[in-house]
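Taking it in order: structure first as structure tokens, then the write-up.
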Amino acid sequence: STLCPQWPYCRKHCSYCNFNKYVVPAVDEAAVRACLVQEARTLLRLSQVQSVTSVFFGGGTPSLASPGTIAAVLEAVAGAAHLPAGAEVTLEANPTSASPARLAGFRAAGINRLSIGVQVRVALPGPTPLLVVPCVPTAILLPPQSLDDTELQLLGREHTAAEAREAVEAARGLFPGRPSIDLLFGLPGQSQDTWAQGLAAALGLCDDHISLYQLTLERGTALAAQVSGGTLPAPPQDLLADMYQTARAMLVAAGFRHYEVSNFARK
């Protein structure tokens, strides 16, 4: 089984995101840590799971939690079920909370795969901080969403393209062969050429695992309001299909295996 602890806090609201998350002046981390630990123990007991083969820390922005909180949750998991030495333990991280020193702390806490939000789109929505789901192949994400500053501003991301590159490079040094990035396509005003250029830049930055997500204009988000109000254009459906097929062809040609609708892995 896979355990998915959720850290539901972010520093800001991204313009496209409707996930269950909270932006607050300060987080009582000791209280949240205690809740996450208790939730892990309770869910594992009620589900009668005997072995946890992977743990995925999502959010929110789980890299805002301290390495000590991550270590405490993993210790609780290992105390309530069998957590093999080779279990995959993934943390989603935003570039602005992914300094080399902080990433090293997460590695020491037990993280062995990193998902960096060049733009984050893999977190699990919903009010429950933890989920237990059947074991499935997972990937590490570094969500830059884009490596273009104009697109990042449109998405409401707090990091720059340069910060995203620095975070991915640091992750590759600390987690060799393990980092992944996700990219959004179908942004208002985005062309097929700019999408292909951005993907080529991403391939030069991180060649281990890439996730592609078509932008969904979620009701209640700032970006959806701008599109519905006519401030921003809605991308044509045929263009979205062409973007996906272009990306798939580029990644397969670069040696990636297309193992799931949105996910591509070289190893």
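None of the values given here were measured: they were computed from a predicted structure.
- Residues R248 and L212 fail the side-chain proximity criterion, which asks for heavy atoms closer than 4.5 Å.
- Pairing each heavy atom of V73 with each of P5, the nearest pair is CG1-CG, 4.1 Å.
- Interatomic distance, CZ of R257 versus CG of L251, reported as 13.5 Å (0.5 Å rounding).
- With 3.5 Å as the limit, one finds a donor-acceptor pair spanning the side chains of R33 and T69.
- A donor-acceptor contact closer than 3.5 angstrom is absent between the side chains of S262 and S211.
- At distances below 3.5 Å, at least one donor-acceptor pair connects side-chain atoms of R102 with backbone N or O atoms of S63.
- With hydrogens and angles disregarded, no donor-acceptor distance shorter than 3.5 Å links the side chain of T194 to the backbone of Q190.
- Between the CG atom in D193 and the CE atom in M243 there is a gap of 9.0 Å [rounded to 0.5 Å].
- Between the W195 side chain and the F185 main chain, no donor and acceptor come within less than 3.5 Å of each other.
- Atom-to-atom distance recorded for R172:CZ and L205:CG is 7.0 Å, nearest 0.5 angstrom.
- Remark: F256 engages no residue in a ring-ring contact (aromatic ring centres under 6.0 Å, His included) (not counting sequence neighbours).
- Within 6.0 Å of the CD atom in E75, the count of heavy atoms belonging to other residues, nucleotides or ligands does not exceed 12.
- N112 has its side chain within reach of R178: a pair of non-hydrogen atoms, C-beta onward, lies under 4.5 Å apart.
- When all heavy atoms of A40 and V77 are compared, the pair lying nearest together is CB-CG2, 4.3 Å.
- The shortest distance between side-chain heavy atoms of Q226 and P188 does not fall below 4.5 Å.
- For V227 against A234, the heavy-atom pair with the smallest separation is CG1-CB, 3.8 Å.
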- Derivation and outcome, side-chain contact (heavy atoms from CB on, under 4.5 Å), residues V261 and Y244: CA-CA 10 Å; V261 174; Y244 179 78; 4.0 Å; yes
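- Side chain of E29 to backbone of S66: a donor-acceptor contact under 3.5 angstrom is found.
- Here D242 contributes atom CG and Q237 contributes atom CD; the two are 11.5 Å apart, rounded to the nearest 0.5 Å.
- The main-chain N or O of L64 is never found under 3.5 Å from a side-chain atom of N94 such that the two would form a donor-acceptor pair.
- Counting only distance, with no hydrogens or angles, the side chain of R266 and the backbone of G177 share no donor-acceptor pair below 3.5 Å.
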- Determine, stepwise, if the pair I111 / F175 fulfils side-chain contact (heavy atoms from CB on, under 4.5 Å). CA-CA 9 Å; I111 298 299; F175 303 89; 4.0 Å; yes
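- Judged by distance alone, the side chains of N18 and Y16 never bring a donor and an acceptor atom under 3.5 Å apart.
- Each of Y213 and V252 belongs to its own hydrophobic cluster when Ile, Leu, Val, Met, Phe, Trp and Tyr are linked at side-chain heavy-atom distances under 4.5 angstrom.
- Expressed to the nearest 0.5 Å, how far OG of S1 lies from CD of Q48 amounts to 11.5 Å.
- Between atom CD of residue E92 and atom CZ of residue F56 there is a gap of 4.0 Å, rounded to the nearest 0.5 Å.
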- Would Q6 and L36 count as a side-chain contact (heavy atoms from CB on, under 4.5 Å) if you check the C-alpha gap in whole Å, the side-chain angles of each, and the deciding distance to 0.1 Å? CA-CA 8 Å; Q6 303 291 291; L36 289 173; 6.0 Å; no
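- Evaluation of the side-chain contact (heavy atoms from CB on, under 4.5 Å) rule for A81 yields L44, V52 as partners, not counting sequence neighbours.
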- Task: Evaluate the side-chain contact (heavy atoms from CB on, under 4.5 Å) criterion for residues W7 and L91: first the C-alpha distance (whole Å), next the side-chain angles of each, then the deciding distance (0.1 Å), finally the verdict.
- Result: CA-CA 10 Å; W7 177 269; L91 178 84; over 6 Å; no
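- F264 meets the ring-ring contact (aromatic ring centres under 6.0 Å, His included) test with H258; sequence neighbours excluded.
- Contact check for L215 versus L223: side-chain heavy atoms found under the 4.5 Å cut-off.
- Residues V49 and L3 are not in side-chain contact: their nearest non-hydrogen atoms beyond the backbone lie 4.5 Å or more apart.
- The closest side-chain heavy-atom distance from N263 to H209 is below 4.5 Å.
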